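These notes are about the structure you will find just below.
This one's a predicted model, so the numbers in the text were calculated from it and none came from an experiment. All chains are named by letter (A, B, ...) in the order of the sequence lines, taking the proteins before the strands, and each is independently numbered beginning at 1.
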Amino acid sequence: MLFYLTGKVLISHLRMEGKYFYYLDQVPERKHAHIFFQFEDGGTLVYEDVRKFGTMELLAPDLLDAYFISKKLGPEPKDQDFDLQVFQAALAKSKKPIKSHLLDQTLVAGLGNIYVDEVLWRAQVHPARLSQTLTAEEASAIHDQTIAVLGQAVEKGGSTIRTYTNAFGEDGTMQDFHQVYDRTGQACSRCGTVIEKFQLGGRGTHFCPQCQRRG
DNA sequence: CAAATTCCCTGCTAGC
DNA sequence: TGCTAGCAGGGAATTT
């Protein structure tokens with residue numbers, strides 16, 4: 001989230017549980033309120049973050065482009081930005097497990113641990129498959145499902161797993177559409193096989209051992 | 001150089 | 001009942 005201030009830009013990354021609330025007048029006492037922006041008209045914008053994982057950076061506007069370049073942030077998960085050829089070429093050069101590679105934000109922006117598991121289930125690709133071993137068809141499926149899953153997640157207002165809400169305090173509903181995340185021990189909706197979970201790159205990883213073969 | 005691992009923070013849950 | 005250990009997650013820092 002970018003705030004264009006007078007002479008500076010404030011970059012605020014909410015991570016999983018950062019939230020902003022705006023109060024016209026009285027600001028309620030809240031345990032996890034950390035940052036208060038007071039406006040001249042009496043309103044207050046409050047940043048809350050239960051686990052203090054969010055980050056904020058203040059920099060000069062002319063450094064903004066360089067900032068994003070240094071992060072090596074990939075394209076937006078949209079058809080017009082996320083180029084399949086570029087994606088396939090990058091995968092062909094990498095020995096990383098596909099899940100770890102999708103999570104690092106360089107191929108495409110926006111995939112976190114929940115949605116990467118959902119994308120790989122939909123594309124029927126095992127999370128530990130090495131990037132360079134994927135077929136053109138598999139890469140294409142991952143590309144298409146990334147756009148589909150993130151598009152749907154935005155439409156549903158995100159996934160409320162713990163405390164996530166939007167700025168109006170409303171829960172998202174994307175969790176109702178999860179096929180593998182947090183469904184360990186339950187039947188795969190496609191084939192009935194029991195969903196399993198293991199650690200990959202330090203992340204809990206959910207998958208269907210029948211639909212997503214190691215190959 | 002690329003890939004793997006560690007760490008940050010707090011709240012919740014499982015196990016004793 | 002109350003305690004602790006383990007887990008969750010994005011990404012920077014550190015190690016392999």
To the nearest Å, how far apart are L14(A) CG and dC9(B) C1'? 16 Å
Please check if L84(A) and L111(A) belong to a single hydrophobic cluster, counting links between Ile, Leu, Val, Met, Phe, Trp and Tyr side chain heavy atoms closer than 4.5 Å. yes
Are a donor atom and an acceptor atom from the side chains of T146(A) and Y115(A) found within less than 3.5 Å of each other? no
Take a 6.0 Å sphere around CD of Q199(A) and say whether it holds more than 12 heavy atoms from other residues, nucleotides or ligands. yes
Tell me the interatomic distance from R15(A), atom CZ, to dC9(B), atom P, rounded to whole angstroms. 12 Å
Checking side-chain polar atoms at under 3.5 Å, does T44(A) have a donor or acceptor matched by the opposite partner on Q38(A)? no
Among the candidates dA12(C), dG11(B), dG10(C), find the nucleotide nearest to the side-chain atoms of V50(A). dG11(B)
Over all strands shown, is K31(A) touching base, sugar-phosphate only, or nothing at heavy-atom distances under 4.0 angstrom? sugar-phosphate
Selection: residues 61-69 of chain A, any non-hydrogen atom under 4.0 Å of DNA chain C: none
How far apart are the C-alpha atoms of F3(A) and Y20(A), what are their side-chain angles, what is the distance that settles it, and do they pass the ring pair (Phe, Tyr, Trp, His ring centres under 6.0 Å) test? CA-CA 12 Å; F3(A) 294 92; Y20(A) 280 98; 5.4 Å; yes
Do R30(A) and E48(A) meet the salt-bridge criterion of a basic N to acidic O distance under 4.0 Å? yes
Look at the rings of F198(A) and H126(A) and say which category their plane angle falls in: under 30° parallel, 30 to 60° tilted, over 60° perpendicular. tilted
Taking the side chain as C-beta and beyond, is there a heavy-atom pair between F87(A) and L91(A) under 4.5 Å? yes
Residues of residues 93-106 of chain A with any non-hydrogen atom less than 4.0 angstrom from an atom of DNA chain B: list those, numerically ordered, please. S94(A), K95(A), K96(A), P97(A)
L200(A) atom CG is separated from dC7(C) atom P, nearest whole Å, by 16 Å
Between dA12(C), dG10(C), dA8(C), spot the one nearest the side chain of K197(A), thanks. dA8(C)
In whole Å, what is the span from the CZ atom of F53(A) to the P atom of dA13(C)? 14 Å
From K71(A), K96(A), K72(A), residue fulfilling salt bridge (charged side-chain N to carboxylate O under 4.0 Å, His left out) relative to D104(A): K96(A)
Expressed as a whole number of angstroms, how long is the span from L130(A):CG to dA2(B):P? 16 Å
Quickly work out the K52(A) NZ to dG10(C) C1' distance and round it to whole Å. 18 Å
Contiguous pairing runs of three or more, Watson-Crick or G-U under 3.5 Å, that involve DNA chain C: B:2-16 with C:2-16
Picking from dG10(C), dG11(B), dA12(C), the nucleotide nearest the side-chain atoms of H32(A) would be dG11(B)
Begin from the C-alpha positions of H206(A) and E196(A) and carry the test side chain to side chain contact (heavy atoms under 4.5 Å, CB included) through to its verdict. CA-CA 6 Å; H206(A) 312 73; E196(A) 294 181 11; over 6 Å; no
Just how far, in rounded Å, is P of dG10(C) from CZ of R51(A)? 9 Å
To the nearest angstrom, the CD-C1' distance between E17(A) and dC12(B) comes to 11 Å
Checking all strands, does G202(A) fall into the base, sugar-phosphate, or nothing category for heavy-atom contacts under 4.0 angstrom? nothing
In terms of side-chain heavy atoms, does T55(A) have a donor or acceptor partner in H13(A) at a distance below 3.5 Å? no
When you check the gap from the basic side-chain N to the acidic O, do K99(A) and D117(A) get nearer than 4.0 Å? yes
OP1, OP2 of dA2(B) versus side-chain N and O of Q132(A): anything below 4.0 Å? no
Between dG10(C) and H13(A), is there an OP1 or OP2 to side-chain N/O distance shorter than 4.0 Å? no
